[in-house]
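Have a look at the structure below before the remarks.
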Amino acid sequence: MFDVWRPALIFLFLTSLLSLFLWAVAGALPAAIVFGIMLTQRWLFHIRNLVALGHWLEDPESRPIPEGQGPWEHIFGRLNKMMRQHRKERAKRAAALHDMELATSALPEGVVSLDKTDHIEWCNPLAESHLGLDSARDIGQQITYLVRQPEFVEYLAEKNFADPLLLRGARKEDLVLSCRLVAYSGNKKLLVTRDITHFELVETMRRDFVANVSHELRTPLTVVNGFVETLQDMPNLDNDMARRALPMMGEQTLRMTHLVGDLLTLSKLEDRLNVLKEEEVDVPAMLTGCLEVGQVLSNGQHQLKLELLCKCKLRGCAEELRSAFGNLVTNAIRYTPMGGEVLIRWQLQDDGQPVFSVRDSGIGIAAQHIPRLTERFYRVDSSRSRETGGTGLGLAIVKHISNRHQAHLEISSEEGKGSTFSIVFPAKRHID
Ligand code: ADP
């Protein structure tokens with residue numbers, strides 16, 4: 001540590017010694033004058049340095065630290081060192097703050113910091129987009145002036161930190177947010193928002209799906225159950241009656257079997273652990289098989305044609321491709337009245353993409369239905385679909401299989417004239 005006393009005492013001692021010496025040789029007056037001059041000069045020296053220090057302290061950030069001599073040189077030197085350290089630490093803190101800002105900006109959740117009276121202190125960009133805030137404009141504003149939904153105002157007032165609030169339509173009509181309050185630093189709060197629109201959508205789809213499956217199964221089960229009860233109630237079972245009932249029961253159980261089969265296929269396709277089996281698929285040979293199956297289904301009522309414009313093969317899963325192609329061929333036959341035409345085609349486009357397509361001259365589909373056809377259980381005409389043994393899941397299966405092969409399903413149709421369903425595969429799946 002710098003010793004202030006020692007130089008001051010040495011100065012006083014030397015000044016006194018000189019004065020005493022002068023007193024002895026020249027008398028008291030000259031000695032007193034020299035003593036006074038030396039003290040004044042020292043006093044002025046300190047005053048000058050104090051003024052310099054005061055001047056610097058008025059604006060230490062932009063003014064340079066004064067240079068001093070004697071003890072002041074040491075003091076200013078120490079101050080200089082302290083300032084350098086302080087600036088370094090401030091830069092470090094600023095960098096840490098910047099990092100924190102970047103980290104909170106990258107958070108997958110919106111965060112708003114509120115003071116004890118619920119005024120916004122700070123918010124990250126995601127919170128701005130969730131709640132429609134603007135950090136440049138809204139800092140310092142009461143949050144309830146900006147997020148006005150009554151359920152939110154109530155939630156904030158209740159200070160319920162245990163359960164999240166489901167907030168709908170905060171900024172956009174269809175946005176669903178999960179909001180949670182977290183207490184920190186005494187009476188401050190963090191409002192954490194999470195966009196759960198997608199989860200809500202999935203949950204709605206799940207509910208719809210269960211409702212649809214139950215509905216699909218209820219009709220055939222009711223029919224079969226009705227027959228079983230009737231037959232049980234007959235004391236002497238009439239052979240004729242039983243012969244008439246059994247085919248109808250068989251038809252309904254077959255319908256349930258198809259439905260359950262399609263449901264299992266869909267769940268297998270959706271299983272993330274079920275990776276696509278990649279093999280070399282001889283599509284022309286497969287389509288020849290599809291044509292034969294189609295002919296059996298059509299029972300000679302349609303004109304079925306197969307056009308193999310290329311002999312190329314495909315890298316993919318044979319079982320899945322057979323199911324997708326078969327579904328489209330079956331649909332073409334089911335939705336084409338007697339005497340109509342169905343053309344199955346396999347070709348290689350100029351851009352190298354292999355395309356499977358089925359064109360029919362059937363009932364066609366009105367434009368507004370086309371975007372929804374691949375939704376599960378979506379049907380344009382439910383009775384026709386059921387009459388022809390449809391489950392409403394065929395195109396959903398085709399879409400899944402296409403996606404698994406990075407292919408896409410294209411549908412073009414004109415009501416009353418016919419439809420074309422095409423699966424366009426990526427060029428990389430083509431094998432010569
Ligand atoms: P479904 O078992 O009802 O046929 P899909 O998922 O295979 O179920 O098809 C969904 C709906 O798309 C059908 O109900 C039908 O209305 C329509 N559709 C499918 N293929 C054709 C087609 N080739 N011609 C006309 N409509 C079709």
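Note that ligands are numbered from 1 as they come in the structure, with each ligand's atoms numbered from 1 the same way.
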Using only heavy-atom distances, determine whether the side chains of [X] and [Y] contain a donor-acceptor pair under 3.5 Å.
X      : Y      : value
Thr388 : Tyr335 : no
His302 : Glu341 : no
Glu410 : His408 : yes

Which protein non-hydrogen atom lies closest to [atom], naming both residue and atom, and how far is it?
atom                    : answer
atom 13 (C) of ligand 1 : Tyr335 OH, 3.3 Å
atom 11 (C) of ligand 1 : Tyr378 O, 3.6 Å
atom 26 (N) of ligand 1 : Ile365 CG1, 3.3 Å
atom 3 (O) of ligand 1  : Ser385 OG, 2.5 Å
atom 8 (O) of ligand 1  : Gly392 CA, 3.2 Å
atom 23 (N) of ligand 1 : Asp360 OD2, 2.9 Å
atom 12 (O) of ligand 1 : Leu373 CD2, 3.3 Å

(message) Evaluate Ser361 against Lys417 for side chain to side chain contact (heavy atoms under 4.5 Å, CB included), listing each step before the verdict.
(response) CA-CA 6 Å; Ser361 61; Lys417 293 213 169 146; over 6 Å; no
Please confirm whether [X] approaches ligand 1 to less than 4.0 Å, judged on its heavy atoms.
X      : value
Phe421 : yes
Arg334 : yes
Gly362 : no

Mark up the atoms of ligand 1 that fall under 4.0 Å of a heavy atom belonging to [X], in ascending order.
X      : result
Leu393 : 6 (O), 8 (O)
Gly390 : 2 (O)
Gly394 : 5 (P), 6 (O), 7 (O)

(message) Using modelled atom types and a 3.5 Å cut-off, is there a donor and acceptor pairing between side-chain atoms of Gln142 and backbone atoms of Thr117?
(response) yes
(request) Answer yes or no: is there a donor N or O on one side and an acceptor on the other, between the side chain of Ser385 and the main chain of Asp381, under 3.5 Å? (result) no
(message) Could you work out, for atom 9 (O) of ligand 1, the closest of Val398, Ile333, Leu395 by heavy-atom distance?
(response)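 Shortest heavy-atom distance from atom 9 (O) of ligand 1: Leu395.
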(message) Going by the closest heavy atom to atom 20 (N) of ligand 1, which one wins out of Thr420, Asn331, Thr391?
(response)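 The option holding the nearest heavy atom is Asn331.
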(message) Please identify which of these residues, Leu217, Val213, Thr391, meets the side chain to side chain contact (heavy atoms under 4.5 Å, CB included) condition with Leu263.
(response) Val213
(message) Heavy-atom pairs closer than 4.0 Å: do any link ligand 1 to the side chain of His369, the backbone, both, or neither?
(response) neither
(message) If the threshold is 4.0 Å, N to carboxylate O, is there a salt bridge linking Glu320 and Lys268?
(response)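 No, no charged N to carboxylate O under 4.0 Å.
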(message) Under a 4.0 Å threshold between the charged nitrogen and the carboxylate oxygen, would Glu121 count as salt-bridged to Lys188?
(response) yes
(message) Between Ser419 and Ser413, is the side chain to side chain donor-acceptor pair (under 3.5 Å) condition met? List the steps.
(response) CA-CA 4 Å; Ser419 322; Ser413 186; 2.9 Å; yes
(request) Looking only at non-hydrogen atoms, find the nearest pair between Ala332 and Val358 and report the distance. (result)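 The pair with the smallest heavy-atom distance is CB-CG1, 3.6 Å.
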(message) Evaluate Val380 for polar contact with ligand 1, using N/O atom pairs at a separation under 3.5 Å.
(response)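 Min N/O separation from ligand 1 is below 3.5 Å for Val380.
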